[in-house]
Amino acid sequence: MDDGDIPVLVEADDAGEIMTAHGGLNASRADQTLPLGSLEKIPITIVTGFLGSGKTTLLNYILTEKHEKRIAVILNEFGESNDIEKSMSISQDGSLYEEWLELNNGCLCCTVKDSGVSAIENLMKKRGKFDYILLETTGLADPAPIASMFWLDDELGADIYLDGIITLVDAKHIVRHIDERKPDGSLNEVVKQIAMADRIVVNKTDLVNEYELAEVVEDIREINAVAQVIQTQRANVPLDEILDLRAYDTKDPMFVDSEIERADHVHDEHCTHDAHHHHLDQSVQTICIKFNPPQLDISKVEAWIQQLLWEKQVPLAESQVQVIRLKGILTPDMADPKRIIVQGVHELYDMQETFAQDTSAVSKIVLIGKGLEGLEATFYEWVGIQEAYRMCIL
Ligand SMILES: Nc1nc2c(ncn2[C@@H]2O[C@H](COP(=O)(O)OP(=O)(O)OP(=O)(O)O)[C@@H](O)[C@H]2O)c(=O)[nH]1
């Protein structure tokens, strides 16, 4: 190690494997441990994706790429694969990794509430030495419980904020995996990982032709119309497209809004073109509800959200529903710049006030989940949106 490479030490508990590294440009900053109290919250990005989709390749790419960040990486693999993971990561550039800690039952997703938290807490004792955390989940993990832990856990939330979820998919094999049915009828992990994603990296594009690739993107879009889809080989993706997304930030309506525009667009396409899609997993989809009443009763919208998320029932229709991700921007009064940003993951949601930064006063709610067909009609009725202010084509 040369003088510029300052060790970045971390300790971990028995929940995962932690290594740290820093990009080449930041070596001179690495020893500036900031005094306690002056530290800002550290962003964490969850990297998920099915077995072999390219998660390790992406992490190696990020760790060896030149950037301004000092990144701590938590590998959440378990069992035999630890050794393989380790040697693969080190072989890229051994000098980058300052310390490896062997952890015993390394599946953070299974032990997410106990030892997983202490691994993160131990890591946070070293705060000031790094300014970003990447967490790689196992290929079979559902990212939702991990995401919820960072998003709404008050203790962790004091130090860390969830920046976003990156889902890698293998362009060659994804279509087959999306279609796999679990014996108990529950959603398979690939579908869950796509549904939860804020960015979807379609990797291994060298292994498919352009028609196959278009089909992959279309299948992904059918499930998650909100996330931006990036196509890569060897997970070679510009870092500013996957880091610092602030995808769960309730204070940045511009970002939420731009995502919603994407869902909006796809939704309008569905309304007009309808059934030409050959979607493989019909059950999970994205819908966007739009409305612009002069006044909106936020408490009614909230009651609707609660019934949907907590009771898992569509109000009025009383059909079963499973919401995986929810985002929204609501205008309580058209004449006022106040807006309410809504964020939700499974049964958890958060609503916060903000102020409009653009002129649009249209309220929108985007939902990704199962059983959402026809939801708009009952929403309008329940919340009391008159016909003139309903903007979805029913
Ligand atoms: N052809 C091709 N191979 C790739 C690409 N990206 C990664 N690979 C290879 O695919 C294999 C799996 O990549 P990994 O990065 O280990 O995938 P992973 O998601 O970490 O795998 P698990 O840890 O098993 O879940 C490796 O042999 C990589 O070298 C790509 O764009 N094209």
Side-chain angles (χ1 to χ4, degrees), residues 15-19 21 45-65 71-94 96-97 100 102-103 105-110 112 116 133-147 164-178 180 188-194 196-217 220 227 229-239 241-243:
E17 192 170 347
I18 295 181
M19 61 180 180
T45 292
I46 296 173
V47 177
T48 185
F50 200 65
L51 301 167
S53 54
K55 299 180 293 298
T56 307
T57 307
L58 176 68
L59 290 182
N60 280 331
Y61 167 73
I62 292 175
L63 292 171
T64 50
E65 185 71 350
I71 301 175
V73 177
I74 302 170
L75 293 182
N76 179 28
E77 294 292 337
F78 57 96
E80 310 270 308
S81 72
N82 268 354
D83 290 339
I84 305 165
E85 288 286 327
K86 204 186 290 186
S87 57
M88 280 172 61
S89 299
I90 285 175
S91 67
Q92 200 84 8
D93 180 352
L96 278 177
Y97 306 120
W100 287 83
E102 189 74 46
L103 305 167
N105 348 298
C107 181
L108 183 57
C109 55
C110 306
V112 74
I133 303 173
L134 289 176
L135 188 152
E136 177 191 338
T137 70
T138 87
L140 294 172
D142 172 3
I146 303 174
I165 299 179
I166 311 301
T167 297
L168 275 116
V169 303
D170 175 336
K172 180 79 180 165
H173 298 111
I174 184 69
V175 172
R176 181 156 49 87
H177 292 316
I178 287 179
E180 270 163 22
N188 75 51
E189 276 70 25
V190 170
V191 172
K192 286 182 195 164
Q193 290 169 352
I194 292 173
M196 278 295 293
D198 299 297
R199 289 283 188 281
I200 297 168
V201 178
V202 178
N203 190 38
K204 305 195 182 182
T205 56
D206 54 309
L207 301 181
V208 290
N209 63 38
E210 63 178 297
Y211 302 105
E212 290 167 328
L213 187 56
E215 189 185 345
V216 166
V217 173
I220 289 170
V229 177
I230 305 160
Q231 300 172 9
T232 61
Q233 291 181 18
R234 304 241 143 240
N236 220 302
V237 54
L239 293 191
E241 293 192 21
I242 53 169
L243 303 184

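Both ligands and their constituent atoms are indexed starting at 1 by order of listing. Quick caveat: nothing in here was measured; it's all calculated off a predicted structure.
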Subject >> Heavy-atom proximity to atom 7 (C) of ligand 1, best of T48, T57, L51, T56 >> reply: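 Heavy atom nearest to atom 7 (C) of ligand 1 belongs to T57.
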Original post:
Does H173 have any side-chain contact (heavy atoms from CB on, under 4.5 Å) partners at least two apart in sequence or in another chain, and if so, which?
Top reply: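 H173 satisfies side-chain contact (heavy atoms from CB on, under 4.5 Å) with D170, R176, H177 once adjacent residues are dropped.
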Close N or O approach ([X], ligand 1; < 3.5 Å):
X	result
S53	yes
A235	no
K55	yes

Is the shortest side-chain heavy-atom distance between [X] and [Y] below 4.5 Å?
X	Y	answer
I200	V169	yes
I242	L58	yes
I62	V47	no
I194	I174	yes
L243	L134	yes

**OP:** Answer with yes or no whether G49 contacts ligand 1, where contact means a heavy atom under 4.0 Å from a ligand atom.
**Re:** no
Original post:
Any idea which part of L207 is under 4.0 Å from ligand 1, heavy-atom wise: side chain, backbone, both or neither?
Top reply: side chain
Subject >> Per-atom contacts, ligand 1 versus D206 - under 4.0 Å to a heavy atom >> reply: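 Under 4.0 Å from D206, ligand 1 has these atoms: 1 (N), 2 (C), 30 (C), 31 (O), 32 (N).
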